[in-house]
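Down below is the structure, laid out as structure tokens.
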Amino acid sequence: MGRLMTNEAAAELIARSNRLGADPRNTNYAGGNTSAKGTETDPVTGEPVELLWVKGSGGDLGTLTEAGLAVLRLDRLRALTGVYPGVDREDEMVAAFDYTLHGKGGAAPSIDTAMHGLVDAAHVDHLHPDSGIAFATAADGERLTAEAFGGRVVWVPWRRPGFQLGLDIAAVKEANPDAIGCILGGHGITAWGDTSDDAEANSLWIIETAAAYIAAHGRPEPFGTGLDGYAPLPEAERRAKAAALAPHLRALASTDRVQVGHFSDADEVLDFLAMAEHPRLAALGTSCPDHFLRTKVKPLVLDLPADASIEDSVARLEELHAAYRADYQAYYDRYATDDSPAIRGADPAIVLIPGVGMFSYGANKQTARVAGEFYINAINVMRGAEALSTYAPIDESEKFRIEYWALEEAKLQRMPKPKPLAGRVALVTGAASGIGKAIATRLAAEGACVVIADLDLAKAQDAAASIGGTDVAVGVQADVTDERAVQSAVDASLLAFGGLDLVVNNAGLSLSKSLLETTVADWDLQHDVMAKGSFLVSRAAARVLIDQKLGGDIVYISSKNSIFAGPNNIAYSATKADQAHQVRLLAAELGEHGVRVNGINPDGVVRGSGIFAGGWGAKRAAVYGVPEEELGQYYAQRTLLKREVLPEHVANAVFVLCSSDLDHTTGLHIPVDAGVAAAFLR
């Protein structure tokens with residue numbers, strides 16, 4: 001065990017943080033921070049030294065580990081009060097925290113470190129519970145706090161997080177010895193205790209008492225009466241409409257930079273949009289800094305009823321988007337100074353569609369999903385505040401001070417450089433095994449979100465799980481010979497990740513038979529899966545790529561046999577030639593939309609191949625007169641490079657075709673066959 005976990009206070013802190021962070025009623029993902037004070041032996045002097053362990057910048061309470069803690073010397077941290085230059089220069093204190101750190105390693109101290117160090121309590125929790133923020137954002141929150149909590153919880157007026165807020169809370173605790181915590185106006189709650197259990201119990205008491213008070217005293221319809229025509233559509237209908245709108249919405253949300261999307265039709269969202277007060281409340285925006293840093297100051301809300309047509313909805317969304325961008329630019333221009341970071345884009349992060357649900361956007365799926373979760377938190381906050389009083393978020397100027405805070409910009413600049421395919425969504429057919437799985441694995445490793453489509457749903461889901469969580473990969477069922485099934489797989493991609501950028505036609509099978517042995521059923525099956533299947537997938541995907549206006553890639557996994565005439569595979573080779581020419585035809589047709597269409601011609605991919613494992617390998621081995629287990633070596637020896645071709649080699653070629661290095665290439669076939677002279681392209 002490392003040094004931190006040998007300390008009982010630190011171990012209790014991590015356990016408490018994980019419990020608090022596991023329940024969304026207590027705090028949201030990566031929101032809030034916790035701390036513990038305790039004593040360690042200073043390795044330099046051998047004497048006891050008081051330390052502060054506090055959740056570091058950017059960490060998440062629910063998954064906090066030892067590495068996510070910042071460790072500071074308490075005497076040096078508290079000594080900073082002697083050099084504090086005042087609220088106008090309080091940001092300078094964040095850099096000063098580095099001079100109070102104890103030992104090496106650990107996380108970077110967050111802006112809230114002062115709150116934890118200066119408050120005279122062994123354990124401190126700062127959280128963002130929906131019920132607590134409802135009090136914090138109520139117009140008469142101070143009065144409500146006194147009524148609901150008595151003297152046990154004290155109101156602290158809004159102040160931007162920082163050193164001064166830490167001093168304010170420390171003074172509140174000193175002046176109110178019976179208090180167990182406070183409501184931070186516009187923001188959240190802070191609680192404390194002499195022990196870790198005390199702090200946790202106090203935090204939960206504040207959260208539960210706030211929720212109970214809202215339930216007991218709140219108005220029954222805080223969002224007003226229902227709006228005619230705005231009730232939720234039936235599930236199948238609303239998800240179909242969401243999928244139809246998704247490409248158009250992503251085009252709008254990606255005007256400044258490409259975004260990944262997340263769709264939610266949670267009850268909270270649908271109920272909010274069905275009620276009369278939702279336009280007013282949405283326009284007020286979110287309040288808690290953790291919310292609007294992820295959701296932007298307010299969402300884009302479609303002002304049409306649930307049964308509005310796709311065409312009318314798209315036309316209105318385009319008008320609203322233009323107005324949103326102009327409004328956001330004006331917001332930036334109102335408050336920006338010469339020292340402000342550059343505008344980070346004027347597109348919405350949250351788009352609300354009455355009767356349908358919410359799309360949220362971010363640089364990756366996790367960011368997009370978390371933004372949506374935070375807006376649901378904001379809806380809950382608005383419901384609580386409106387039930388008790390009137391929702392009154394912090395001033396717009398204060399939101400700007402945080403959104404374009406130099407410290408927030410510095411945090412963004414510290415983020416790692418995106419991977420080459422970050423922000424791209426890939427659909428790979430036949431991807432539960434073999435070449436398809438290798439392709440999906442490589443694309444995900446390069447930053448793409450991946451949809452694994454396969455005839456076998458269980459295998460598709462298992463393959464996706466082996467690649468990563470649902471923020472990285474999902475498995476869907478798809479019979480590529482069925483037009484409806486193909487559209488369903490594309491729709492599932494749109495609902496999972498908000499769009500589609502990269503399609504790999506890999507699904508296939510092979511029947512190794514001579515001309516006279518090949519039946520009509522053999523011929524039809526071979527062509528239905530690969531020629532017709534590729535056509536159906538490409539057609540459904542092309543509609544999305546055109547509507548998104550972001551370009552894209554379609555890649556066909558063809559074969560050396562599309563060029564080389566070998567024995568006893570008339571149906572397979574003919575359909576591979578069909579696929580190869582589809583590449584050329586679609587490259588010519590889709591180029592005007594920025595869509596590149598290319599192909600890969602593998603050969604001899606035996607190991608890990610579903611086709612070879614399904615009997616094709618044994619039949620090809622018989623044709624060539626070699627044992628099946630030596631077929632890969634046989635293929636390798638007939639190549640110019642004498643190397644066996646593996647699924648990963650095909651995946652490498654797909655990645656290169658979809659990377660920026662070949663962004664001026666379309667209509668190309670790349671051989672991945674270790675060199676078969678008879679299959680050279682002419």
Side-chain angles (χ1 to χ4, degrees), residues 239-240 243-244 246-247 425-432 434-436 439-440 443 450-457 459-460 474-497 499-511 520-548 552-559 562 571-591 593 595-600 610-611 654 658 666-667 669:
R239 293 181 77 82
V425 180
L427 169 65
V428 186
T429 65
I435 291 173
I439 292 169
L443 296 178
V450 180
V451 179
I452 308 285
D454 202 90
L455 197 57
D456 188 317
L457 176 59
K459 289 182 178 178
V474 297
V476 302
Q477 187 172 28
D479 177 354
V480 297
T481 70
D482 184 324
E483 183 176 3
R484 289 186 178 179
V486 167
Q487 188 61 53
S488 178
V490 170
D491 287 352
S493 304
L494 295 171
L495 295 181
F497 298 116
L500 187 59
D501 305 287
L502 200 168
V503 178
V504 183
N505 280 308
N506 171 75
L509 60 93
S510 185
L511 305 170
V520 171
D522 292 335
W523 179 270
D524 288 344
L525 176 60
Q526 195 76 77
H527 281 72
D528 278 352
V529 171
M530 295 196 292
K532 178 184 174 184
S534 295
F535 152 71
L536 290 175
V537 171
S538 295
R539 186 182 65 173
R543 292 192 183 106
V544 173
L545 298 178
I546 291 169
D547 288 343
Q548 279 182 162
D553 286 276
I554 300 176
V555 179
Y556 280 67
I557 307 302
S558 183
S559 171
S562 67
Y572 176 80
S573 295
T575 196
K576 282 299 183 184
D578 185 315
Q579 285 186 307
H581 200 49
Q582 284 188 37
V583 168
R584 302 180 188 100
L585 294 167
L586 297 188
E589 183 173 337
L590 298 177
H593 302 289
V595 177
R596 303 177 300 164
V597 188
N598 294 292
I600 309 288
I611 286 179
V654 172
C658 299
T666 193
H669 281 276

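Predicted model only: the values in this text are computed from it and were never measured. In what follows, every heavy atom counts, from backbone to side chain, and hydrogens, waters and symmetry copies are set aside.
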>> Does Val537 form a side-chain contact (heavy atoms from CB on, under 4.5 Å) with Val503? I'd like the steps, not just the answer.
In response: CA-CA 8 Å; Val537 171; Val503 178; 3.5 Å; yes

> Could you go step by step and tell me if Tyr556 and Leu586 meet the side-chain contact (heavy atoms from CB on, under 4.5 Å) rule?
Replying inline: CA-CA 11 Å; Tyr556 280 67; Leu586 297 188; 3.3 Å; yes

>> Show, in sequence, the C-alpha distance, side-chain angles and deciding distance for Thr575 and Gln526, and conclude whether the side-chain hydrogen bond (donor to acceptor under 3.5 Å, both in side chains) test is met.
In response: CA-CA 7 Å; Thr575 196; Gln526 195 76 77; over 6 Å; no

What is the minimum heavy-atom distance between [X] and [Y], and which atoms define it?
X	Y	value
Ala440	Ile452	CB-CD1, 3.3 Å
Leu500	Ala426	CD1-C, 4.2 Å
Ser559	Ser562	O-OG, 2.7 Å
Ile557	Gln579	O-OE1, 3.7 Å
Ala246	Leu494	CB-CB, 4.0 Å
Val529	Val480	O-CG2, 3.4 Å

> Lys459 and Asp454: salt bridge (charged side-chain N to carboxylate O under 4.0 Å, His left out), yes or no, with the steps?
Replying inline: CA-CA 8 Å; Lys459 289 182 178 178; Asp454 202 90; over 6 Å; no

> Any side-chain heavy atom of Val555 within less than 4.5 Å of one from Cys658?
Replying inline: yes

>> Can you confirm whether the side chains of Ser534 and Gln582 place a donor and an acceptor under 3.5 Å from each other?
In response: no

> Is the closest side-chain donor-acceptor distance between Ser538 and Asn505 under 3.5 Å?
Replying inline: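 On atom types as modelled, these side chains qualify, holding a pair under 3.5 Å.
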
Main-chain N/O of [Y] paired to [X] side chain as donor or acceptor, under 3.5 Å:
X	Y	result
Asp491	Ala243	no
Asp547	Pro247	no
His593	Leu545	no

Would you compute the distance between atom [atom1] of [X] and atom [atom2] of [Y] and round it to the nearest 0.5 angstrom?
X	Y	atom1	atom2	result
Leu427	Phe497	CG	CZ	10.5 Å
Ser510	Met530	OG	CE	6.5 Å
Asp479	Thr429	CG	OG1	11.5 Å
His527	Lys532	NE2	NZ	13.0 Å
Glu483	Ser488	CD	OG	12.5 Å
Leu585	Leu590	CG	CG	10.5 Å

>> Determine whether Val595 and Ile554 satisfy the following criterion, side-chain contact (heavy atoms from CB on, under 4.5 Å), listing intermediate values before the conclusion.
In response: CA-CA 7 Å; Val595 177; Ile554 300 176; 4.3 Å; yes

>> Assess the residue pair Leu502 and Val450 against the criterion (side-chain contact (heavy atoms from CB on, under 4.5 Å)); give the C-alpha distance rounded to whole Å, side-chain angles, the decisive distance to 0.1 Å, and a yes or no.
In response: CA-CA 9 Å; Leu502 200 168; Val450 180; over 6 Å; no

